[in-house]
There are 2 protein chains.
Amino acid sequence: MPPTTVPKPAPRERLLAAAETLFYDEGIHIGVDRLCAVAEVSKRSMYQHFGGKDDVIVEMLRARAGRLAAAWSSSEGRTPRARILAVFDSVREMSASPDFHGCPFVNVATELKDREHPANVAALGYKLELNRFFEDQARSGGAADPQALGVQLTMMFDGACAYSVVRGGTTDAALGAVETLLDAQGVTD
Amino acid sequence: MPPTTVPKPAPRERLLAAAETLFYDEGIHIGVDRLCAVAEVSKRSMYQHFGGKDDVIVEMLRARAGRLAAAWSSSEGRTPRARILAVFDSVREMSASPDFHGCPFVNVATELKDREHPANVAALGYKLELNRFFEDQARSGGAADPQALGVQLTMMFDGACAYSVVRGGTTDAALGAVETLLDAQGVTD
DNA sequence: CGAGTGGTACACCGATCTGTGTACTCTGCT
DNA sequence: AGCAGAGTACACAGATCGGTGTACCACTCG
C-alpha cells in the first residue's frame, strides 16, 4: 500500500497558506524570513514563485476573496433575507474565536494606507463583491432602495468586525441592526 | 512691540502633535527618527519625555480621545436624536477629505493586534465612551432598548469609517441607516 | 550516464528599526 | 559670575527588514 503520509503541497500553496494565517494573526509587517520558516520554503524559492512580499499578499487576498464569495453563494435556495442574515451569522460565529482579528481585507487596507497598492485594489474588489451580493439580495427581497441597503449592510459588516477587534466580544448586536434595516425596507421572509 | 513670532510649544507638545498626524497618516510603524524630525525635537529629548515609542502612542491617543469626547458634549441643548446624528455628520464631513484614514483608535488596534497593549486599552476606553454617549442619548430620546441601540450605533460608526478607508468615498449612506435605527426604536425629534 | 530543473542552505547587502551614551550649547536663576 | 537643567547633535549598538548571490542537492527525462 502507498505511504499513508499525505504529500506536502507545493511551495507556492504552502506559502499562500502560511501567509493567510501569519499576515492575519500578526499583521503584514512580519518578515519574509518568518513567513518562509512557517511555510517550510526556502527564501530563495519564495522569490522564484512570487515577485516579492507584496505579491504574496495580493495572491493571498485574491484566493481568500474567492473562497469567501463562494461561501455566500452556497446559500442558494433560501430567501434573500435569510441569505443576508446568514452572512452576519457567520461573522458572529467567527468573532467568538479568540483568533478573530476582524476582516482581513480591511486590516490590510488599514495597514497599507496607500489606496493605489495592488493589495488594496484586491481588498476593494472584495468589498465591492460583498456590496453587490447584499444589493442583489435586497433587490430580490423587494427592498425599497436596494442600492442604499447594500451599502448600509456593507458598513454594518465592517462595523461588526471592528467592534470585535477593539472589544473582544462577539458581534451579536449586529444581527438586530440588520433585521431592523431589512424590516424598514420591507425585506421580509 | 513684542516679536510677532508665536513661541514654539514645548517639546512634549510638539511630539504629541507630530505623532497625531504622522501615526494617523502613515501608521504607527514609522520610525522615531522621522517623528522627532517632524516634531523638531532631538531623539534624546523624546526619550526623556516619554518612556518609549509606545508611550508616545498611548499619550497621543489619550489626548485625542479627550478632545473628541469634548466635541460630542458640545452639542448640549439639542435633542438626543440630533446629537447622535451630529456625530455621524461630522464623520461624513471628515470622510470627504483625502487625508481621512478612518478611526485612529481602530487603526491602532488593528495594527497592534495585541489586546493587552496599553494603546489598545486606550482605544477600548474611547470606544466605550462613544458607546455610552450613544446609549445615554438613546435613553434620553426614549429608545425601546437603549443598550442595544448604543452598540448598534457604535458599530455603524466604525463601519462607516471602514467603508471610507477601503472605498475612498464619503460615508453619506450611514446617516440613512442611523435614522432607520433611531426610528425603529422610537427616537424621534 | 549526463543534462536540466526545482528546491535548499546560508552568507550577505544596504536600509531601517528602537534605544543609548557622550559631549556640547543654550538659558534662566541666584 | 557661576551653576544647574533642558535641549541638541551625532555616533553607535543590536536587531530586523526586503531582497540577492552562490554553491549545492535530488530528481526526472532522454
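Chain naming here is simple, since letters A, B, ... match the order of the sequence lines and numbering starts at 1 in each. All of these numbers come straight from a predicted model, not from anything done at the bench.
A donor-acceptor pair is defined here as one N or O able to donate and one able to accept, closer than 3.5 Å; such a pair exists between the side chain of S140(B) and the backbone of D136(B). In terms of modelled atom types and a separation under 3.5 Å, the side chain of S164(A) and the main chain of G169(A) share a donor-acceptor contact.
Look at E135(A) and R132(A) and you find no salt bridge, because none of the NZ, NE, NH1 or NH2 atoms lies under 4.0 Å from a carboxylate O. Classification of D25(A) and K113(B) as a salt-bridged pair fails, no side-chain N sitting under 4.0 Å from a carboxylate O. Salt-bridge check for D145(A) with R139(A): failed, with every basic side-chain N at 4.0 Å or more from each acidic carboxylate O. By the 4.0 Å N-to-carboxylate-O rule, E59(A) lies too far from R64(A) to be salt-bridged with it.
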query = Reading nucleotides 10-25 of chain D from the 5' end, what letters show protein touch, with B for base, S for backbone sugar-phosphate only, - for no heavy atom under 4.0 Å?
reply = -------SSBBBB---
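Looking at every heavy atom in both residues, T171(B) comes nearest to M155(A) through CA-CE, 4.0 Å.
We find that CD of Q48(B) is positioned 14 Å from P of dT22(C), with the value rounded to whole Å.
N107(B) and H101(B) form no side-chain donor-acceptor contact under 3.5 Å, judged by distance and modelled atom types alone.
Using cut-offs of 30° and 60° for the angle between ring planes, the F88(B) and F134(B) rings count as parallel. Below 30°, between 30° and 60°, or above 60°: for Y24(A) and F100(A) the angle between ring planes is above 60°, a perpendicular geometry.
Phosphate proximity of dA6(D) to H49(B): absent, as no side-chain N or O sits under 4.0 Å from OP1 or OP2. For the pair S42(A) and dA9(C), the criterion of a side-chain N or O lying under 4.0 Å from OP1 or OP2 is not met.
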Where do N or O atoms of nucleotides 3-5 of chain C meet protein N or O atoms at under 3.5 Å, pair by pair?
none

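Within a heavy-atom distance below 4.0 Å of DNA chain C, no residue of residues 9-16 of chain B is found.
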